[in-house]
Amino acid sequence: MSGGRVGDDTAAADSIVIVTWPAPSRRCDVLVVGGGPGGLIAARELMARDRGLSVMLLERDRAIGAPVRCGEGVGSGGLSEFIDPAEAPWVSRKITKVIFRAPDGTEVRVAEGDVGYVLERTRFEPALATEAGRAGAEILLGTEATGLRRDGDGWLVAVRGAGREYVVRTRLVIAADGVDGMVARWAGLDTRVPSRDMESCAQYLMTNVNVDQDAICLHFGDNVAPGGYAWVFPKGGDAANIGLGVVALRAGGRNARQWLEAYARTYFPTGIRVSCTVGGVIVHPTIKRTVTDGLITVGDAAHMINPLSGGGIVNAMKAGRLAAEVGAAALAAGDTSATRLSRYHREWMEMLGDDHIHFHKLKDALSKFDDAFFDNLARTVNKIDYEKRTLRRIFGSALMHHPTLLPVVAKYFV
Ligand SMILES: Cc1cc2nc3c(=O)[nH]c(=O)nc-3n(C[C@H](O)[C@H](O)[C@H](O)COP(=O)(O)OP(=O)(O)OC[C@H]3O[C@@H](n4cnc5c(N)ncnc54)[C@H](O)[C@@H]3O)c2cc1C
C-alpha cells in the first residue's frame with residue numbers, strides 16, 4: 001500500500017497513485033488526523049456533542065505536544081473559551097504587558113493588563129488530549145495517515161503505525177495535520193502557499209537571560225528579522241523563548257537560524273541555548289475551500305493563522321470546535337456532503353477568515369515601509385499617553401503620517 005490520493009479525476013495527475021487497497025480493518029465515524037490544538041479540540045468537542053460517536057485521532061509523533069515548534073504565546077480571551085488557565089500546570093507565565101521594539105531600539109509599551117499566557121505546550125496538549133480521551137476519543141501515537149481514497153459516502157484512510165499498515169474506513173475526516181499537512185491536498189483541496197507568504201522561523205529556549213517575565217516583546221526591523229519579527233516570550237525563572245521569523249525572499253540568503261544566532265549574540269550575549277527549533281508559519285489567508293465531501297480542514301492545514309501576528313494556536317482550536325459542531329450535525333443528519341459541510345467554511349470566514357484577508361493586505365502594505373517608518377511610528381506612539389495606547393490609536397498615528405495605508409487600514413482600525 002502506498003500513500004497519496006488514489007485514482008480520482010479531480011486530483012492533480014502527479015499525485016495519483018494506483019494501488020489495490022486491502023479491506024478496512026478498522027471503522028470509525030470520525031478520523032481526526034493530527035494531535036495539535038486543532039485536532040485535539042475537534043476530538044474533544046465531537047465527543048461532547050455526541051458520546052455515541054466513535055472518534056479516532058492519529059498523531060504521527062510519538063508524543064502529544066512534543067517536539068515544540070512554537071513561541072507558545074496565546075491571548076487570554078481566546079484560550080479561556082476552551083480551558084481554564086487559572087493555576088494550570090501548563091502555563092509558564094501570565095503576561096500583562098506587550099512591548100514593541102522599533103528597528104532603532106525605541107520601545108513602545110502598550111497598556112494591556114490581562115494580555116495572555118506563555119504556555120508549556122509539552123503539558124498543554126497532553127491536558128487537551130486527556131480531556132478528549134476522557135470524553136471517549138481514541139488517541140493513537142506514532143501513527144500517521146499516508147493516503148486516502150473516497151469510498152461511497154465516506155473515506156478509506158491508509159494508516160501506518162505501531163509497525164503495521166492498515167486501512168480505516170471513516171464517515172468523516174478532519175484534516176488537522178498542520179503546516180505541512182497533506183491530507184486536504186490528497187482529497188483534492190488546494191493548499192499551496194505562495195513563497196512570499198511562508199515565513200521561516202527559528203527559536204531558542206534560552207536560560208540565563210534577564211527579561212521582564214511579565215512581558216512579551218516583539219522586535220521589528222530589516223536588520224533583525226526581514227519580513228517578520230523577533231519575539232521574546234518569558235518562560236519563568238531566567239528562561240525565555242527567543243525566536244524570529246523571516247520571509248526567505250527578503251532574508252538576503254541567510255536562513256532563519258542564522259538570523260536568530262546573530263540576534264541572540266547581539267541581544268542576549270549571556271544566554272545559554274537549551275533547545276533549538278525551526279519551523280514554517282503560513283502568513284496567508286484561509287484556503288479558498290476548506291471542505292470537500294466527507295472532509296473538513298482545520299487550523300494550520302487550512303492556513304488559519306493570523307497573517308499579521310503569526311499566531312495560530314487559538315485559531316486552530318476555534319476551527320476544531322466549529323468542525324466538531326458542523327461535523328456532528330452532518331453525521332446525525334446522515335449527510336456529510338460538501339454542500340452540507342460548507343457551513344463550516346462560511347462560519348469560519350465570518351468568525352476570523354475575512355479578517356485574515358484584510359490583515360494579509362495590511363501586512364503587505366506595511367512590508368513596503370522601511371525601518372525609518374517604524375522608528376518614526378514608535379516615537380509618535382510614545383507621545384500618546386501610556387494608558388491610551390491601543391492598536392486603534394497606533395494605527396491612527398501611522399495613518400496620519402502615511403495616508404497611503406488608508407484603504408487597507410480604515411475599515412478595521414479607525
Ligand atoms: C517557530 C514557531 C513559533 C510559533 N509561535 C506561536 C505562538 O507564539 N503563538 C501561536 O498562537 N502560534 C504560534 N505558532 C503557530 C502555532 O504553532 C500553530 O498555528 C498551531 O500549532 C496550529 O495548530 P494545528 O493543530 O493546526 O497544527 P499543529 O499544532 O502543527 O498539529 C498538527 C499535528 O499533526 C501531526 N501530523 C502531521 N501529518 C500527520 C499525518 N499524516 N498523520 C498523523 N499526524 C500528522 C503533526 O505531527 C502535528 O502534531 C508558531 C509556529 C512556529 C513554527
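Every number for a ligand or one of its atoms is a count from 1 in the order of the listing. Remember, predicted model here, so these are calculated numbers, not experimental data.
Contact atoms of ligand 1 toward C201: 1 (C) (distance under 4.0 Å to a heavy atom of the residue). Against a heavy-atom cut-off of under 4.0 Å, D61 is close to the following atoms of ligand 1: 47 (O). Near T143, with a cut-off below 4.0 Å to any heavy atom, the atoms of ligand 1 are 43 (C). In summary, the atoms of ligand 1 found under 4.0 Å from a heavy atom of G36, numbered by their order in the structure, are 25 (O), 29 (O), 31 (O), 33 (C). Residue contact check: G38 has heavy atoms under 4.0 Å from atoms 25 (O) of ligand 1.
For atom 46 (C) of ligand 1, the closest heavy atom belonging to the protein is E59 OE2, 3.6 Å. In this structure, the protein non-hydrogen atom closest to atom 39 (C) of ligand 1 is D177 CB, 3.9 Å. The single protein non-hydrogen atom nearest to atom 34 (O) of ligand 1 is G34 CA, 3.2 Å, given as residue, atom name and distance. Of the protein's non-hydrogen atoms, R121 NH2, 3.0 Å is the one closest to atom 21 (O) of ligand 1. Nearest protein heavy-atom contact of atom 27 (O) of ligand 1 is G178 CA, 3.7 Å. What sits closest to atom 9 (N) of ligand 1 on the protein, heavy atoms only, is G73 O, 2.8 Å. The protein non-hydrogen atom at the shortest distance from atom 24 (P) of ligand 1 is A316 CB, 3.9 Å. Annotation: atom 52 (C) of ligand 1 to nearest protein heavy atom, R69 O, 3.1 Å.
Considering backbone and side-chain atoms alike, R60 places an N or O below 3.5 Å from some N or O of ligand 1. An N or O contact shorter than 3.5 Å is missing between F233 and ligand 1 by distance. Geometrically, ligand 1 and V281 share no nitrogen or oxygen pair separated by less than 3.5 Å. Of the N or O atoms in D300, one or more lie within a sub-3.5 Å distance of an N or O in ligand 1. Taking any N or O of W231, backbone or side chain, none lies under 3.5 Å from an N or O belonging to ligand 1. By the 3.5 Å distance cut-off applied to N or O atoms, G279 is not counted among the residues near ligand 1.
Note on ligand 1: G280 sits in its first shell, one or more heavy atoms being nearer than 4.0 Å. Heavy atoms of L40 come nearer than 4.0 angstrom to ligand 1 in no pair at all. Within the structure, the closest approach of A145 to ligand 1 falls below 4.0 Å when heavy atoms are considered. Under a 4.0 Å heavy-atom criterion, A176 is in contact with ligand 1. Assignment of P37 to the shell around ligand 1 is supported, since a heavy atom sits closer than 4.0 Å.
Under 3.5 Å, the side chains of W348 and T290 contain no donor-acceptor pair of N or O atoms. If you check the side chains of D238 and T207, you find no donor sitting under 3.5 Å from an acceptor. Neither side chain, H303 nor D197, offers a donor N or O lying under 3.5 Å from an acceptor on the other.
Neither the backbone nor the side chain of Q203 has any atom closer than 4.0 Å to an atom of ligand 1 (non-hydrogen atoms only). Within the 4.0 Å heavy-atom criterion, both parts of C70, backbone and side chain, lie near ligand 1. Neither the backbone nor the side chain of N315 comes within 4.0 Å of ligand 1, counting heavy atoms alone. Here M317 has no heavy atoms under 4.0 Å from ligand 1, in either its backbone or its side chain. In V33, the part holding a heavy atom less than 4.0 Å from any atom of ligand 1 is the side chain. Neither the backbone nor the side chain of M304 has a heavy atom within less than 4.0 Å of ligand 1.
For the pair R121 and W90, the NZ or CZ position fails the cation-pi test of under 6.0 Å to the six-membered ring centre and within 45 degrees of the ring normal.
Look at R321 and E325 and you find no salt bridge, because none of the NZ, NE, NH1 or NH2 atoms lies under 4.0 Å from a carboxylate O. Taking 4.0 Å as the cut-off between side-chain N and carboxylate O, E261 and R273 count as a salt-bridged pair. By the 4.0 Å N-to-carboxylate-O rule, E350 lies too far from R346 to be salt-bridged with it. Salt-bridge annotation for R171 and D153: absent, with no side-chain N of the basic residue lying under 4.0 Å from a carboxylate O of the acidic one. Ion pairing between R60 and D177 fails under the 4.0 Å rule for side-chain N and carboxylate O.
Interatomic distance, L31 CG to L156 CG, rounded to the nearest 0.5 Å: 11.0 Å. To the nearest 0.5 Å, atoms OH (Y344) and CG (L295) are separated by 10.0 Å. Atom-to-atom distance recorded for I313:CD1 and L79:CG is 8.5 Å, nearest 0.5 angstrom. Going from atom OG of S275 over to atom CG of N241 covers 7.5 Å, rounded to the nearest 0.5 Å. For the atom pair CE of M349 and CE of M304, the computed distance is 8.5 Å after rounding to the nearest 0.5 Å.
Put simply, the residue from F100, W231, Y263 that forms a ring pair (Phe, Tyr, Trp, His ring centres under 6.0 Å) with H219 is Y263. If you run side chain to side chain contact (heavy atoms under 4.5 Å, CB included) between E125 and each of T130, L40, V68, only L40 comes through.
Minimum interatomic distance between A239 and L205 (heavy atoms only, all atoms of both residues): CB-CD1, 4.4 Å.
With atom 5 (N) of ligand 1 as the reference point, the heavy atom nearest to it among G78, G161, G71, G299 is part of G71.
Between H360 and H284, the ring-plane angle classifies as perpendicular under the 30° and 60° cut-offs.
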